[in-house]
**Q** 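I have a structure here, written as structure tokens, and I will follow up with some questions on it.
These numbers were taken from a predicted model, which means no experiment stands behind them. Computed from heavy atoms alone, side chains included, the values below leave out hydrogens, waters and symmetry copies.
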Amino acid sequence: MAMAPVTLRPVYLLAALDVSCLFMQFTVTPYLAKSLGLDTVGFGYLQTVFGILQLVGGPVFGRFSDQYGARAALVLSFLSGSLHFFILIFANNIPVLFLSRLPSVFMHGLPGAQMVVTDLTPVEERASALGKLGLCFGLGIITGSSLGGFLASRFGIYTPTWVALAANLLCCVIVMVSIPAETKRRQDRPSARPDTSESSGVFSLTELKRLLSIPNVMPVFMMKVLSGFPIGIFMIMFSVISVDFFGLNAASSGYLMSYFGILQLVVQGFLVGILTSRYSEQTLLLLSMIISVGVGFGMILMTGVFDFCLIAIPMVFTLCMAGVITDSILTKAVPPSDTGAILGICASVQPFTRTIGPTIGGYLYKHYGVPSFGCVNVIISLILVIYLLRDQVNQRKKK
């Protein structure tokens, strides 16, 4: 394990570059789509295609990592990203713009980094190490959003895409130079374990069902999905809410998202590591759900942007803490040979939210307004608090 601290530095760099490239793309794609004549409905379809591809590709990517190694999976991710940005450079009509989305099925740089971190860190340090990837995510949001807008305005709308293409190719080189070919211990490889399906391929639904049937996996996974869903659909609708409800212009909305990114950077980069070293994961998960109830009530009472800035602090805390803790618990619940597969399944949670979130979020906002997101969050968080309390009582009875 002594090699882990040295190896993880380039992993964190890769995660930051990957997120930066994605947010450079997110910044310029709406303007590119509009310049090609794609209306709002069409852009929604484009985003849905991206979400579905990521949703389908996450579990497959995880199985690929377990069978061929995390280094091979990261190379696949960054080569897919390079192809995506290469096609996007030549997107001079709407069909090519949709075609550029196809490689995103294997664009999972951040989950790939999680797989390397999981393989190379001791169990007791895993939550803290995974939390540090949130620091990279926050840096990526801030850097990618700012750099994408600057490059597009100064040098043309396709310039961020060229930069992202070069960055993805550079990441391929970094992976080959700095990441070991085998990150799992030999006894943790699938071929060495009788309880895993060595002969099944990366597209095996049977293997995914087997993983979810392992004790404690399905409840924690459902908690991961439900805990972030209400706030997730709120953030999907944020661009609309920032204009209609908060009355912000594009620049102010961008500053607000940067503020959100800075909060995430602080919480996941520093606070998660401090708290996980002092308290149990079950305690922190319960704490995050209790705070989430308060966040829901805050969203119900929210009337302006100042209120949101205050609510965003506990909101980011509960999102980050619940996400990191559930990832950590799930990687410990499955055999070491299956950590890639379970992280791949976890990687499908956000694409799932992005796929169905616009429809649900649009309906809630249109008919019930912003407070409806808070109501949903309170209800779901209260259910999860009750479940966690009952689970703790049952655990004590067993002892």
Side-chain angles (χ1 to χ4, degrees), residues 22-35 38-48 138 140-150 152-154 157 160 228-267 291-320 350 353-354 356-379 381:
L22 281 178
F23 274 85
M24 275 197 288
Q25 174 220 328
F26 293 158
T27 302
V28 302
T29 300
Y31 301 100
L32 176 60
K34 186 176 181 179
S35 69
L38 195 65
D39 59 15
T40 305
V41 175
F43 184 73
Y45 292 148
L46 184 69
Q47 296 297 84
T48 301
I141 292 176
I142 297 167
T143 304
S145 300
S146 304
L147 187 60
F150 172 77
S153 60
R154 289 292 296 271
I157 198 168
F229 188 74
I231 298 177
I233 59 176
F234 171 79
M235 294 309 297
I236 288 172
M237 297 298 298
F238 187 76
S239 59
V240 176
I241 292 171
S242 63
V243 175
D244 292 347
F245 187 75
F246 294 142
L248 301 179
N249 56 30
S252 299
S253 180
Y255 294 143
L256 201 56
M257 285 304 298
S258 295
Y259 167 71
F260 206 81
I262 292 171
L263 289 177
Q264 185 165 356
L265 184 152
V266 172
V267 171
I291 292 176
S292 183
V293 175
V295 169
F297 282 116
M299 293 171 71
I300 293 173
L301 300 174
M302 180 171 62
T303 58
V305 67
F306 179 75
D307 295 339
F308 174 76
C309 288
L310 295 178
I311 296 168
I313 298 173
M315 180 186 292
V316 170
F317 175 85
T318 186
L319 275 178
C320 295
Q350 285 192 359
T353 305
R354 286 198 301 266
I356 68 172
T359 302
I360 298 174
Y363 178 83
L364 288 175
Y365 183 63
K366 180 178 179 180
H367 294 279
Y368 305 105
V370 171
S372 63
F373 297 102
C375 290
V376 175
N377 195 66
V378 168
I379 293 170
S381 298

**Q** Would you compute the distance between atom CE of Met24 and atom OG1 of Thr29 and round it to the nearest 0.5 angstrom?
**A**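 Going from the CE atom of Met24 to the OG1 atom of Thr29 covers 11.0 Å.
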**Q** Taking side chain as C-beta onward, heavy atoms only, is Thr318 less than 4.5 Å from Ile231?
**A**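 With C-beta onward as the side chain, the pair touches.
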**Q** Take Phe373 and Ile241 through the test side-chain contact (heavy atoms from CB on, under 4.5 Å) and record every step on the way to the result.
**A** CA-CA 12 Å; Phe373 297 102; Ile241 292 171; 4.0 Å; yes
**Q** Please list, chain by chain and in numerical order, all residues satisfying side chain to side chain contact (heavy atoms under 4.5 Å, CB included) with Ile313, sequence neighbours excluded.
**A**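 Listed in chain order: Tyr259, Leu263.
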**Q** Could you check whether atom CZ of Phe245 has more than 12 heavy atoms from other residues, nucleotides or ligands sitting under 6.0 Å from it?
**A**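 Check passes, neighbour count above 12.
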**Q** What donor-acceptor contacts under 3.5 angstrom involve side-chain atoms of residues 358-365, with partners at least two apart or in another chain?
**A**
none

**Q** Is there a side-chain contact between Ile300 and Cys375 (heavy atoms, below 4.5 Å)?
**A**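 The answer is yes, as the side chains (C-beta and beyond) meet within the 4.5 Å cut-off.
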**Q** If every non-hydrogen atom of Cys320 is compared with every non-hydrogen atom of Gln264, which pair is closest and at what distance?
**A**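 For Cys320 and Gln264, the tightest heavy-atom pair comes out as SG-CG, 3.6 Å.
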**Q** Among all residues two or more places apart in sequence or in another chain, which pass the side chain to side chain donor-acceptor pair (under 3.5 Å) test with Thr48?
**A**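 So Thr48 forms no side chain to side chain donor-acceptor pair (under 3.5 Å) with any residue.
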**Q** Run the side chain to side chain donor-acceptor pair (under 3.5 Å) test against Gln350 and tell me which residues pass, sequence neighbours left out.
**A**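 Gln350 satisfies side chain to side chain donor-acceptor pair (under 3.5 Å) with no residue once adjacent residues are dropped.
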**Q** What pairs with Ile311 under side chain to side chain contact (heavy atoms under 4.5 Å, CB included), at least two apart in sequence or on another chain?
**A**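 Residues passing side chain to side chain contact (heavy atoms under 4.5 Å, CB included) with Ile311: Val295, Met299, Met302, Met315.
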**Q** Compare every heavy atom of Ile262 with every heavy atom of Ile142, then report the nearest pair and how far apart it is.
**A**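 So the minimum-distance heavy-atom pair works out to CD1-CG1, 3.4 Å.
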**Q** Please list, chain by chain and in numerical order, all residues satisfying side chain to side chain contact (heavy atoms under 4.5 Å, CB included) with Leu310, sequence neighbours excluded.
**A**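 Expected list: Phe306.
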**Q** If the condition is side chain to side chain donor-acceptor pair (under 3.5 Å), which residues does Ser292 pass it with, not counting sequence neighbours?
**A**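 For Ser292, the residues satisfying side chain to side chain donor-acceptor pair (under 3.5 Å) (neighbours in sequence not counted) are Asn377, Ser381.
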**Q** Considering residues at least two apart in sequence or located in another chain, which fulfil the ring-ring contact (aromatic ring centres under 6.0 Å, His included) criterion with Phe23?
**A**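 Listed in chain order: Phe26.
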**Q** Only counting residues at least two apart or in another chain, list the ones meeting ring-ring contact (aromatic ring centres under 6.0 Å, His included) with Phe246.
**A**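 ring-ring contact (aromatic ring centres under 6.0 Å, His included) list for Phe246, sorted by chain: Phe308.
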**Q** So Phe229 and Val376, do their side chains get closer than 4.5 Å, heavy atoms only?
**A**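 Heavy-atom side-chain distance check fails, nothing below 4.5 Å.
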**Q** Rounded to the nearest 0.5 Å, what's the gap from CG on Asp307 to OG1 on Thr303? Could you check?
**A**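 It comes to 4.0 Å.
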